[in-house]
There are 2 protein chains.
Amino acid sequence: MKKGTTVVTMADVARSAGVSTMTVSNVINGRPRVGAATRERVLAAISDLGYQVNLAARHLRAGRTGVVGLAVPELERPYFAQLAGRLADRFEAHGLRIVMERTGASREGEADAVVFSRLRMYDGLVLSVVDSDPAELTQLRNDSPVVMIGERALPSKYDHVMMDNVDGARQATAHLLATGARRVAMLGGNPDWTANMPALRAQGYGLAHTDAGVPIDPELTVRCHFTMQDGYDAIRSLIDRGIAFDAVFALTDVVALGALRALADANLRVPEHVQVIGFDDIDEAPYLVPALSSINPGHEEMADSIVALLMAQINGGPGGEPQELIAPARLIQRGTTKPVV
Amino acid sequence: MKKGTTVVTMADVARSAGVSTMTVSNVINGRPRVGAATRERVLAAISDLGYQVNLAARHLRAGRTGVVGLAVPELERPYFAQLAGRLADRFEAHGLRIVMERTGASREGEADAVVFSRLRMYDGLVLSVVDSDPAELTQLRNDSPVVMIGERALPSKYDHVMMDNVDGARQATAHLLATGARRVAMLGGNPDWTANMPALRAQGYGLAHTDAGVPIDPELTVRCHFTMQDGYDAIRSLIDRGIAFDAVFALTDVVALGALRALADANLRVPEHVQVIGFDDIDEAPYLVPALSSINPGHEEMADSIVALLMAQINGGPGGEPQELIAPARLIQRGTTKPVV
DNA sequence: ATGAAAGCGCTAACAG
DNA sequence: CTGTTAGCGCTTTCAT
């Protein structure tokens, strides 16, 4: 990219207004000690020349960017897209803009180091850690404001806002069991039982069964990724293998969407033949037909906490102990599950 | 934010490795003319000190950031979130990262000037112009690579990738009329007939009626925003006012989602009593029950074109005439509409 | 209330 | 193959 034509700099404005660059800077940043007449002259020159601050230069010199980053595994997952919207509203109220980028699927070779150096471009960072190795997180300079979000319960030196995965999954499963289900398929279960989201939700699934005294058939746990297609395939797989089930706990609403389609294709009625519940309470859930029962993981509380913690770091410096907040999960009962009798 | 602890700079690495900063720079950027031994020493020092490039400095000096921006009205709209995913894949293949930010809903006072200066932080910009005044676009320095996307057909000095709104809407409506519908409600129609997306789609709706020799009842056009709730309310409003309709053309799939829910609440069966078709072919469409018929606005073609045009500008400089590409719209017939007999 | 000087951390251009 | 010089456009500091 060449700067073929004119790139108006602060010096140009200063010259045109017959002042120093410092005065221009003061006007632009609304600093008090500038005469009214001078200010007018500078503003005129600015709009005259069509000047715009060079944020790279400002950033280099001043250190701040006015931008917070939101780094998520995938841009198109409704949960993250909707989180982004909530955070954007809130940060804008603090005079900060938010930009969203994805961490997942970065090419091999452009290692996480690249990602992490990019993240330093921000005044603060909201980071959804899902797949990435916690060890890599130490790459982040610990003096820049970071709030972790999401599921993984990692002992960390960062502020961390989590959803209550275990309890949410327990509520979802308990609801199915309370309405008569006895063979609850779990879609998304992941065999490597670390402390990641699938494991936590699987734990809740287990707890509910224990509480209800219902045994778990391991065949009802279907490992899949968190896409609609995978949810669809998971149900197909159960049906094709002749594994009976009377309810489905999908580890995310997106997976539930796929499951619902597969059930319809198999002429299984929801909720009469098979109940379905998801997790995340995405915006689409209440509009599905039948409306999707789900677990609201405390969207508003999480967004509020994230912003509060990050703003505290940005304004107050390193501050004290890292906080770890857990938002409450709430069962949202809709048409894909039967009412409790 | 204070740089309380150590901020490792390139000079530190150079000192520690016993070379000049230039050599460090050469190593980091993979430039060829560096001895193998030196390279090793530098890399060791880098990982030793935990050095990370300061992108602000690089940007200021080199002019490039390795980042393209995607500016959209709202982060949570599925169409944009899914577009972002497609673009991210493609740009990464060119060694560029993509970040997404929203243009809509910026606070009054922090004018568009702020937005536009931010956008200069990118090597290139993909800009979805929907509501913003074309006049403001001139704020963008015309020497920085920009590709406009979306609907509005504005004569512009920028590369512009559009979907074929008129023809897509015509196909959608024609399909409904061909399958026997005679009173097609249009959801999202906007009375101010400028060249924006609702107007273009409304135009296609009109064309199809003319072609089929079916008159349009203006009462069937319901103005609404592009949210599920508005789609829901629009259908309710028709029903409450006793306006009969046998099909619905929702100007976006999101609106269709709301409409489907409202129809279900009114015990109107889809597609037996009322057919429904949307526009955008969002990822969720095939998974709904019944699956949502829609217009695929040429997702892949658009993404390919956007990337090609932007890369051409980034690599080739201002280049020649601004291009204007229109992706072909395709009818995707699914379960919410009846097959043509 | 305004200005002069210095330099943030990096890289382009040239020397050696 | 490696180093030197200069400076990107802004803001901090200190002077006036």
Side-chain angles (χ1 to χ4, degrees), chain A residues 1-4 6-43 45-46 49-66 114 117-118 120-121 123 141 143-144, chain B residues 1-3 6-43 45-46 49-66 117-118 120-121 123 141 143-144:
Chain A
M1 169 179 58
K2 36 198 48 160
K3 45 188 67 173
T6 7
V7 171
V8 184
T9 171
M10 209 154 121
D12 298 327
V13 176
R15 200 170 311 117
S16 158
V19 296
S20 78
T21 61
M22 208 40 239
T23 301
V24 177
S25 173
N26 285 334
V27 169
I28 287 171
N29 294 302
R31 282 188 271 262
R33 329 183 121 259
V34 180
T38 320
R39 159 171 285 111
E40 288 317 312
R41 210 141 29 86
V42 170
L43 289 175
I46 287 175
L49 305 179
Y51 166 77
Q52 293 179 213
V53 271
N54 179 326
L55 291 167
R58 171 184 288 174
H59 182 199
L60 176 58
R61 185 66 245 238
R64 99 202 107 69
T65 60
V114 179
S117 62
R118 271 210 39 66
R120 300 214 52 222
M121 292 293 292
D123 286 354
R141 299 222 38 81
D143 55 354
S144 80
Chain B
M1 170 179 57
K2 39 198 47 164
K3 43 187 67 174
T6 6
V7 170
V8 185
T9 168
M10 209 154 118
D12 298 328
V13 176
R15 203 171 307 120
S16 157
V19 296
S20 79
T21 61
M22 209 43 235
T23 301
V24 178
S25 173
N26 286 333
V27 169
I28 287 172
N29 293 298
R31 281 188 271 262
R33 329 182 119 260
V34 180
T38 318
R39 158 172 284 111
E40 287 317 312
R41 212 142 28 88
V42 170
L43 288 174
I46 286 175
L49 305 180
Y51 166 77
Q52 295 178 212
V53 268
N54 180 327
L55 290 167
R58 170 183 289 174
H59 181 198
L60 177 58
R61 182 65 243 237
R64 98 202 107 69
T65 60
S117 62
R118 272 209 38 65
R120 302 214 51 220
M121 294 291 294
D123 286 355
R141 298 223 39 82
D143 53 354
S144 81

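Chain letters run A, B, ... following the sequence lines, proteins first, then strands; residues in each count from 1. No hydrogens, no waters, no symmetry mates; every other heavy atom, side chains included, goes into these values.
Atom NE2 in A:H59 sits roughly 15 Å away from atom C1' in D:dC8 (whole-Å rounding). Computed from coordinates, the A:R61 CZ to D:dG7 P distance equals 18 Å when rounded to whole Å. Rounded to a whole Å, the CG atom of B:L60 is 12 Å from the P atom of C:dA12. Atoms CG (B:N54) and P (D:dC8) sit 18 Å apart, rounded to a whole Å. Between the CZ atom of A:R64 and the P atom of D:dC10 there is a distance of 13 Å, rounded to whole Å. For the pair A:R39 CZ and C:dT2 C1', the computed distance is 13 Å after rounding to whole Å. We find that CZ of A:R41 is positioned 15 Å from P of C:dA1, with the value rounded to whole Å. Look at CE on B:M10: it is 12 Å from C1' on D:dG3, rounded to the nearest Å.
Contact check of residues 12-29 of chain B against DNA chain C (heavy atom, cut-off under 4.0 Å) returns B:T21, B:M22, B:S25, B:N29.
B:R41 places a side-chain N or O within 3.5 Å of a backbone atom of B:A17 that can act as its donor or acceptor partner. Of the possible polar contacts, none joining the B:T21 side chain to the B:M10 backbone as a donor-acceptor pair under 3.5 Å is found.
Taking every heavy atom of both residues into account, B:T23 and B:V34 meet most closely at CG2-CG1, 4.4 Å. Contact detail for A:D123 and A:T65: the closest heavy-atom pair is OD1-N, 2.6 Å. Closest of all the heavy-atom pairs between A:T9 and A:Y51 is C-CE1, 3.6 Å.
Side chain of B:A62, nearest nucleotide from D:dT2, C:dA12, D:dC10: C:dA12. Checking C:dT2, C:dA12, D:dG9 against every side-chain atom of B:R31, the shortest atom distance belongs to C:dA12.
In this structure, the separation between CG on A:L55 and CG on A:L60 is 12.5 Å, given to the nearest 0.5 Å.
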